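These notes are about the structure you will find just below.
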Amino acid sequence: ILSSGESNSVKDFVEKAFLVKGIEGSWILKDDPCDSTFVSGNNVLVKCNREFYREIEHYDLRGDNSKAMKDLGWSPKYNFENLVRNLIDG
């Protein structure tokens, strides 16, 4: 497995996953990130579960695929949006 070279958050994934299904929403952000919610109209679609919440890590988790691209002529088949679409729609 090689990286796409992109860096995305869980919030990015949530937004894209709902858009794949034609549902537009927005984040209501609070001072405590775990109190933030993703809503569409009056419906709360996603909210944090403190049991699984982890504090923000302050480093970028992005793979470097430059060697595979240079030495093998490789390039990613999926960008983030295509990956989410494939995961949601199969």
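FYI, the numbering just counts along the sequence from 1. Since we're looking at a predicted model, the values are computed, not measured.
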request  = Examine distances only and state if a side-chain atom of Asp12 and a backbone atom of Ser9 form a donor-acceptor pair shorter than 3.5 Å.
outcome  = yes
key: Lys21 and Asp89, any side-chain heavy atoms less than 4.5 Å apart   = yes
key: Min side-chain heavy-atom separation Phe13-Asn8 under 4.5 Å   = no
Closest non-hydrogen atom pair between [X] and [Y], with its separation:
| X | Y | answer |
| --- | --- | --- |
| Tyr78 | Asn86 | OH-ND2, 3.7 Å |
| Ser3 | Asn65 | O-ND2, 3.0 Å |
| Leu45 | Ser40 | CD1-CB, 3.6 Å |
| Trp74 | Met69 | O-CG, 3.1 Å |
| Ser4 | Pro76 | O-CG, 4.0 Å |
| Asp35 | Lys30 | O-CG, 3.4 Å |

Quick check on the hydrophobic clustering: are [X] and [Y] connected, directly or via other members, by side-chain heavy-atom contacts under 4.5 Å?
| X | Y | answer |
| --- | --- | --- |
| Leu29 | Phe38 | yes |
| Val46 | Val39 | no |
| Trp27 | Phe18 | yes |
| Phe52 | Val10 | no |
| Leu87 | Phe80 | yes |

inquiry  = Test salt bridge (Lys or Arg N to Asp or Glu O under 4.0 Å) on Glu15 and Lys11; report intermediate values, then the result.
reply    = CA-CA 6 Å; Glu15 292 168 9; Lys11 285 183 179 180; over 6 Å; no
Nearest-0.5 Å distance, CZ of residue Arg85 to CG of residue Asn79 = 9.5 Å
key: From NZ (Lys77) to CG (Leu83), nearest 0.5 Å   = 13.5 Å
query = With sequence neighbours left out, what residues match Cys48 under side chain to side chain contact (heavy atoms under 4.5 Å, CB included)?
reply = Cys34, Tyr53
